[in-house]
Visitor: 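The following block contains the structure, expressed as C-alpha cells.
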Amino acid sequence: MSWYEIFPTVSTSFIALSAILVAIGWRLILLGKREAHQKVMLAGAVAAVLFFLIYVSRTVFVGNTEWGGPDNLKTLYTIFLIFHIVLAMVAAVFGITTLTLAFRQSFAKHRRWGRVTAVIWFITAITGITVYVLLYLLYPGGHTKPVINAIFGI
Ligand code: HEM
C-alpha cells in the first residue's frame with residue numbers, strides 16, 4: 001500500500017470508529033448510563049478530530065485523489081462527494097454545539113441536538129466510507145492532486 005492509500009485508509013477508519021462510538025454512546029444513555037455515555041461520546045469526538053487532522057494533513061502534504069472510474073459516473077460521484085463534504089461540515093458544527101450544551105448541563109437541548117448530530121454523523125460516515133470504496137477499492141487509478149482541482153475535476 002502506497003502513502004497515497006495509507007492516509008485515506010487510516011482517516012476513513014477513524015470516521016467508522018467515531019460513528020460506532022456514537023452509536024454505542026447513544027445506546028448507553030438510553031440505558032441510563034450517563035458517565036459511560038459521556039466517556040464514549042468524548043472518545044467518538046476525539047476519533048472525529050483525529051479523522052479531520054489526518055484528512056487535512058493529507059490534503060496539505062499529499063493532495064486529494066481525483067475520480068478514477070468511468071467518465072459517465074464522474075458527475076454523479078462529484079455531487080455525492082460534495083454532499084458528503086457539506087454533511088461533514090454540518091456534522092462538525094452540530095457536534096461542537098452538542099458537546100457545548102452537555103458541558104453547560106443544558107441536557108434537554110443537548111438531547112434534542114444530540115439525536116440530530118448522531119444521525120448526521122452516521123450518514124457522514126456511511127457516505128465517507130462509500131467515497132473511499134469508490135476511489136480506492138472499486139475504481140482505483142485516479143491521480144492525486146490539490147483539493148480544489150480534485151473536487152472539480154480540473
Ligand atoms: C458529541 C458528543 C455527544 C453526542 C452525539 C451525544 C448524544 C446524545 C443523545 C442522542 C442523547 C439523547 C438520547 C435519547 O434520548 O435518544 C443524549 C443525552 C444525554 N447526554 Fe449526550 N451526547 C454527547 C456528549 C455528551 C457529553 C460529553 C455529556 C456529559 C457531559 C453528555 C450527557 C448527556 C446526558 C446527561 C443526557 C441525558 C439527557 C436527558 O436525560 O435529558 N453527552 N446525548
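Computed over heavy atoms, backbone and side chain alike; hydrogens, waters and symmetry mates excluded. As the structure lists them, so they are numbered: ligands from 1, and atoms in each ligand from 1.
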Visitor: What protein heavy atom sits nearest atom 1 (C) of ligand 1, and how far off is it?
Guide: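 Closest protein heavy atom to atom 1 (C) of ligand 1: Leu99 CG, 3.7 Å.
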Visitor: Ignoring hydrogens, just give me the one of Trp26, Phe107, Phe94 whose non-hydrogen atom is nearest atom 34 (C) of ligand 1.
Guide: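 Minimum heavy-atom distance to atom 34 (C) of ligand 1 goes to Phe107.
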Visitor: Only heavy atoms count here, so choose which of Lys33, His110, Gln105, Arg27 is nearest to atom 25 (C) of ligand 1.
Guide: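 Answer by nearest heavy atom: His110.
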Visitor: Are Leu137 and Ile129 linked, directly or through intermediate hydrophobic residues, by side-chain heavy-atom contacts shorter than 4.5 Å (ILVMFWY only)?
Guide: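 Ile129 clusters together with Leu137.
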Visitor: In the protein, what heavy atom is nearest to atom 28 (C) of ligand 1, and what distance, to one decimal place, separates them?
Guide: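 Of the protein heavy atoms, Ala102 CB, 3.5 Å lies nearest.
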Visitor: Is it the side chain, the backbone, both or neither of His37 that has a heavy atom closer than 4.0 Å to ligand 1?
Guide: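 The answer is the side chain.
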Visitor: Quick test of your reading of the structure: of Lys39, Met41, Arg34, Glu35, whose heavy atom lies closest to atom 7 (C) of ligand 1?
Guide: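 When every heavy atom of Lys39, Met41, Arg34, Glu35 is considered, Met41 comes closest to atom 7 (C) of ligand 1.
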Visitor: Below 4.0 angstrom from a heavy atom of Leu30, which ligand 1 atoms are there? Numbered from 1 as shown, please.
Guide: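 Here the atoms of ligand 1 in question are 14 (C), 15 (O), 16 (O).
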Visitor: Hey, mind stepping through Trp67 and Leu73 against side-chain contact (heavy atoms from CB on, under 4.5 Å) and telling me if it holds?
Guide: CA-CA 9 Å; Trp67 176 241; Leu73 290 182; 3.7 Å; yes
Visitor: For atom 12 (C) of ligand 1, what is the closest protein heavy atom, and at what distance to 0.1 Å?
Guide: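 Looking only at protein heavy atoms, the one closest to atom 12 (C) of ligand 1 is Arg111 CG, 3.7 Å.
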Visitor: Compute the shortest N/O to N/O distance between Arg115 and ligand 1 and return yes if it is under 3.5 Å, no if not.
Guide: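 Looking only at distances, the answer is yes, because the N/O contact criterion of under 3.5 Å is met.
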Visitor: Kindly work out whether a path of hydrophobic side-chain contacts (I/L/V/M/F/W/Y, heavy atoms less than 4.5 Å apart) joins Leu28 to Val119.
Guide: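 Same cluster: Leu28 reaches Val119 through Ile, Leu, Val, Met, Phe, Trp or Tyr contacts under 4.5 Å.
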Visitor: Measure up the Phe94 and Trp113 rings against each other and bin them: parallel (under 30°), tilted (30 to 60°), perpendicular (over 60°).
Guide: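 Tilted.
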Visitor: When you check the side-chain N and O atoms of Thr9 and Tyr132, is any donor under 3.5 Å from an acceptor?
Guide: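 Yes - a donor-acceptor pair under 3.5 Å links their side chains.
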Visitor: A quick test of your reading: do over 12 heavy atoms of other residues, nucleotides or ligands sit less than 6.0 Å from CG of Leu76?
Guide: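 It does not: Leu76 CG has 12 such atoms or fewer within range.
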Visitor: Near Phe83 CZ, under 6.0 Å, is it more than 12 heavy atoms from other residues, nucleotides or ligands?
Guide: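 No, because the 6.0 Å sphere around CZ of Phe83 holds 12 heavy atoms or fewer from other groups.
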Visitor: Nearest non-hydrogen atom to atom 37 (C) of ligand 1 belongs to which of Ile29, Thr98, Leu28?
Guide: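 Heavy atom nearest to atom 37 (C) of ligand 1 belongs to Ile29.
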